Amino acid sequence: MVLGGLAGQAEALAKGEVSARELVEDTLESIRRQESLGAFRVVRWDAAAQEAQEADKRLADGERLPLLGVPVAVKDDTDVAGETTPFAVSGNHRPAARDAEVVRRLRAAGAIVVGKTTTCELGLWPFSESPEFGTARNPWNPEYTPGGSSGGSAAAVAAGMVAGAVGSDGAGSIRIPAAWTGLVGIKPQRGRVSGYPNTDPFNGITVWGPLARSVGDAALLLDVLTGSHPEDVYQIDPPVTPFAEFAKRDPGRLRIAVSFRTAFGVSGRLDPEIRGAVERLARRLTALGHKVFPADPDYGLVGLGLIPRGTSAVADMLDAMPDPRPERRTEVEAQIGRVLGKRLLPLAKRMDPHLRRKVGRIFQVADVVLTPTTAQPPLRVGAYDGAGYQKTQSGVAAACPYAWTWNVLGWPGVNVPAGFTKAGLPVGAQLLGHDSDEGTLISLAAQLEAVEGWVERRP
């Protein structure tokens, strides 16, 4: 197991206490030893070892970068030059000619990408399983999923293969696996992290972000990833203060609204153990001096902002692939997008200002909204094997009704570990913020971490 977090590894490398070669060898051995977890779709065995040697030369020459020589992983929806990006869809995929912008930024910070992690077809589900590219399993109990669609990234971090990994979140796909594996997962503000060469990922609902064991490591990785590409549809000004600094700040006394309400048309059945875990965190926040009270955002018809974006994006992605051979349920999603989603997409985007005003009224009385991250504990691996579109869609919507609303709004959210079920499975809670307010969420999460001690909990 690779010990220490991202920041600790970077510091040890800079001090000469460990070499990049040793760290990468340890990482690759951990991946090999835990291959049964299925965290990685592809491992860059030789390339990572070579890059470690180069990092050691740079370190010896006195070069210092935030992650110089530190091994990390990226989700398999992200281009790495020389590797294919099937996004779990079977087909005749060509290797990427160049790195995606997030990988370019990782490399610019000195990180070594050791591999690409397992996901589900086009990120549609809160599990990371596909017929062609295998199954990611939860390090806390391999009979259960680590979540999805960034489940391989979450499994790799939770199992200690890497100290940090990149995921993407279009309807909770960072926060859900973070919740189900006991990690910190940050969904940044829309436009904070570039998705290039995807200039408008999933029509604005998908963003890339970090998964890590600690808030400080997640914030450090977010700093590395932050920035726009000139061709991105959504661009925002870079933060004045690095996110890693927010992880060291006291958040002050905040107004925190606790909400268990789901959006209109979505199941509101919440597992009592998860409700209890969130209520316990609310009491903890009260003890920390915050004003904590029940209050619900007014979601309105926020679902109309999600479905056209998601279905039409799936259609576009499949249509752009050479000879794709997706699961039937993925093809059904794409067909809905071709027939209905694309017609409604302009309306969905025009609704954005109205939805932000409507939901944003909660921030007249609160600084942060606390909700469950999921309504159910981790699903069993294979729970939806062979299931059709309707059964899968309705089942996962009931399991995970809380995260996706913030993707429609484009605002930031952070999963924090909330404890365990009686069966020993991790569950999480979301800290949800207003426009571009990642800093407040990170400071609050770090304050919670200091008293909750989740960094020391390992499978």
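Here the structure is a predicted model, which is why all the values come from computation and not from measurement.
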Answer yes or no: is there an ion pair linking [X] with [Y], defined by an N-O contact shorter than 4.0 Å?
| X | Y | value |
| --- | --- | --- |
| Lys342 | Asp316 | yes |
| Asp352 | Arg190 | yes |
| Glu101 | Arg104 | yes |
| Asp99 | Arg107 | yes |
| Lys422 | Glu273 | no |
| Lys57 | Glu54 | no |
| Arg41 | Glu83 | no |
| Asp323 | Arg325 | yes |
| Asp319 | Arg338 | yes |
| Arg32 | Glu35 | no |

So does [Y] get a backbone contact from the side chain of [X], meaning a donor-acceptor N/O pair under 3.5 Å?
| X | Y | answer |
| --- | --- | --- |
| Gln9 | Gly4 | yes |
| Thr119 | Gly123 | no |
| Glu438 | Gln189 | yes |
| Asp271 | Gln376 | no |
| Arg309 | Asn203 | yes |
| Thr78 | Val74 | no |
| Asn138 | Trp140 | yes |
| Gln235 | Pro230 | yes |
| Ser153 | Ala165 | no |
| Thr373 | Gln430 | yes |

*asked:* Heavy-atom count check: over 12 atoms from other residues, nucleotides or ligands less than 6.0 Å from Arg64 CZ?
replied: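 Above 12, so yes.
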_Taking atom CG as the centre, does Asp46 end up with more than 12 heavy-atom neighbours from other residues, nucleotides or ligands that are less than 6.0 angstrom away?_
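Incorrect, the count does not exceed 12.
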*asked:* Per the ring-ring contact (aromatic ring centres under 6.0 Å, His included) rule, what does the pair list look like for residues 393-417, sequence neighbours excluded?
replied: Phe363-Trp411, Trp406-Trp411, Trp411-His434
*Which residue pairs pass the ring-ring contact (aromatic ring centres under 6.0 Å, His included) test with at least one member in residues 196-229, sequence neighbours excluded?*
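For residues 196-229, and leaving out neighbouring residues, the ring-ring contact (aromatic ring centres under 6.0 Å, His included) pairs sorted by first residue read Tyr196-His229.
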_Out of the candidates Arg192, Arg175, Lys187, only one should pair with Asp169 under the salt bridge (charged side-chain N to carboxylate O under 4.0 Å, His left out) rule; please name it._
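Answer after filtering Arg192, Arg175, Lys187: Arg175.
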Between [X] and [Y], which heavy-atom pair has the shortest distance, and what is it?
| X | Y | result |
| --- | --- | --- |
| Ala156 | Ala39 | N-CB, 3.9 Å |
| Pro401 | Val266 | CB-CG1, 3.1 Å |
| Val114 | Pro71 | CG1-CB, 3.7 Å |
| Ile186 | Ala218 | CD1-CB, 3.8 Å |
| Ala247 | Val215 | CB-CG1, 4.2 Å |
| Ala97 | Ala81 | O-CB, 4.0 Å |

Modelled atom types, side-chain donor and acceptor of [X] and [Y], under 3.5 Å:
| X | Y | answer |
| --- | --- | --- |
| Ser194 | Asp232 | yes |
| Thr117 | Asp76 | no |
| Thr374 | Trp180 | yes |
| Arg21 | Gln53 | no |
| Thr226 | Asp223 | no |
| Lys75 | Ser149 | yes |
| Gln34 | Ser30 | yes |
| Ser443 | Asp250 | no |

In Å and rounded to the nearest 0.5 Å, what is the [atom1] to [atom2] distance from [X] to [Y]?
| X | Y | atom1 | atom2 | value |
| --- | --- | --- | --- | --- |
| Glu22 | Glu17 | CD | CD | 11.5 Å |
| Thr440 | Arg249 | OG1 | CZ | 9.5 Å |
| Leu68 | Leu59 | CG | CG | 4.0 Å |
| Glu331 | Ile336 | CD | CD1 | 10.5 Å |

Would you mind reporting whether [Y] and [X] have side-chain heavy atoms less than 4.5 Å apart?
| X | Y | result |
| --- | --- | --- |
| Thr84 | Arg94 | no |
| Leu183 | Pro417 | no |
| Val24 | Leu28 | yes |

Qualifying residue, where the test is side chain to side chain contact (heavy atoms under 4.5 Å, CB included) with [X] and the options are [options]:
| X | options | answer |
| --- | --- | --- |
| Val414 | Val184, Val368, Ile174 | Val184 |
| Ser150 | Ser173, Ser128, Cys120 | Ser173 |
| Val70 | Leu221, Leu13, Ile112 | Leu13 |

*asked:* Students often mix this up, so state it plainly: with edges at 30° and 60°, are the rings of Phe127 and Trp125 parallel, tilted or perpendicular?
replied: parallel
*Got a sec, which residues hit side chain to side chain donor-acceptor pair (under 3.5 Å) with Thr330, two or more places apart in sequence or on another chain?*
Glu121
*Report the C-alpha distance between Lys15 and Glu11 in whole Å, list the side-chain angles of each, state the deciding distance to 0.1 Å, and finish with yes or no for salt bridge (charged side-chain N to carboxylate O under 4.0 Å, His left out).*
CA-CA 6 Å; Lys15 290 180 177 179; Glu11 183 179 3; 2.9 Å; yes
